[in-house]
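These notes are about the structure you will find just below.
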Amino acid sequence: MQVAVVTFDGFNELDSFIASALINRCRGEGLEAFVTTPAPVVTSMNGVRVTGQRPMEFVTEADVVLIGSGVRTRDVVADDRLVSTLRLDPSRQLIGAQCSGALVLARLGLLGDMPVCTDRKSRPFVEACGVTVLDVPFHADGDIATAGGCLASQYLATWVITRTLGEDTARGVLDYVAPVGENRETVERALRAVRTGETALR
C-alpha cells in the first residue's frame, strides 16, 4: 500500500514530515509514504528545500493521498493546471487533508456537504468556499478525512494506519514516538481523536 503525501511549494514541514515519518514506521507491514511534489524540488515556508520522492502523477496510483498544508495553498487552488494533476478517486482511495489542504479538497469538489477541520488562519478561506469548519482537530466521513492544527497531522497518520493495518499497529507506532513517560496518554489521545472524529456526526 502506497501513500502520496502531497507537498507543494511553501509547505509546512510539520504537516508533511510528521505524517510521512509515522506512516513509514509501517514499511515492514507493507505501508509506505512518499513525499509527492509538483516539481523535483520544493521549498518549505521556512526555506527548507526538499527533493520529492514521487511526481504528482503518483497520486493516481496511490492507495492513500494526503494533501499537505502551507502558505501558498490559495495559489495552488487558483492554478488550474496544477489542480488538474490531482486526479483523486474516493471510491478506491483514502483521501486526507491537513489544515489548508481542505481548500484543495473543496476545489476538487470532493467534500459535498461534509464539514472539515482546518487551522485558524485557513478557516475564513475554507468557509468562503461554502464549507462548514468544525472546532475539532480531526474529522472523517467515510474515506475522506481532514485535520486542523499542525500537530493534528499525527491524527491523520493514525487514521491512515488504523484504516489500513488496524488499531494495534497504530498503537505500536504511537507508543514508539511518544514522549518518554507519556506513552499511554499519547497513544490514547490520538486513537480517541480518530474514533471521535469518525463517529461525531453519525
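Numbers here are sequence positions counted from 1. None of these values were measured; they are calculated from a predicted model.
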Distance-only donor-acceptor pairs under 3.5 Å for side chains of residues 141-148, two or more places apart:
from, atom 1, to, atom 2, distance (Å)
Asp143, OD1, Arg163, NH1, 3.4
Asp143, OD1, Arg163, NH2, 2.5
Thr146, OG1, Cys117, N, 2.8

Listed once per pair and sorted, the ring-ring contact (aromatic ring centres under 6.0 Å, His included) pairs that draw on residues 78-119, sequence neighbours left out
none
Sequence neighbours left out, what passes salt bridge (charged side-chain N to carboxylate O under 4.0 Å, His left out) with Asp79? Give chain and number order.
none
Does the distance from a Lys or Arg side-chain N to an Asp or Glu carboxylate O, for Arg123 and Glu127, drop under 4.0 Å?
yes
Got a sec, which residues hit ring-ring contact (aromatic ring centres under 6.0 Å, His included) with Phe11, two or more places apart in sequence or on another chain?
Phe17
Using the test salt bridge (charged side-chain N to carboxylate O under 4.0 Å, His left out), find all partners of Asp113 that sit at least two apart in sequence or belong to another chain.
none
Sequence-distant partners of Asp168, side chain to side chain donor-acceptor pair (under 3.5 Å), two or more places apart:
none
Under the salt bridge (charged side-chain N to carboxylate O under 4.0 Å, His left out) rule, collect the residues that match up with Arg81, sequence neighbours excluded.
none
Test your reading of the model: is there a side-chain donor-acceptor pair from Ser69 to the backbone of Ser100, 3.5 Å cut-off?
yes
Is Arg189 salt-bridged to Glu182, cutoff N-O under 4.0 Å?
no
Which pairs, with at least one residue in residues 83-97 and sequence neighbours excluded, count as a salt bridge (charged side-chain N to carboxylate O under 4.0 Å, His left out)?
Asp89-Arg92
The criterion is salt bridge (charged side-chain N to carboxylate O under 4.0 Å, His left out); which residues satisfy it with Arg54, sequence neighbours excluded?
none
Whether the Glu13 and Ser44 side chains hold a donor-acceptor pair (N or O, under 3.5 Å, no angle test) is what I'd like checked.
yes
In the hydrophobic cluster built from side-chain contacts under 4.5 Å, what are the other members alongside Met45?
Val71
Side-chain donor/acceptor pairs under 3.5 Å, residues 57-65, sequence neighbours excluded:
from, atom 1, to, atom 2, distance (Å)
Thr60, OG1, Glu57, O, 2.9
Asp63, OD2, Gln2, N, 2.8

List, one per line, each side-chain donor-acceptor pair under 3.5 Å for residues 25-35, sequence neighbours excluded.
from, atom 1, to, atom 2, distance (Å)
Arg27, NE, Glu32, OE2, 3.2
Glu29, OE1, Thr169, OG1, 3.3

Expected output: side-chain Asp9 to main-chain Val42 donor-acceptor under 3.5 Å:
no
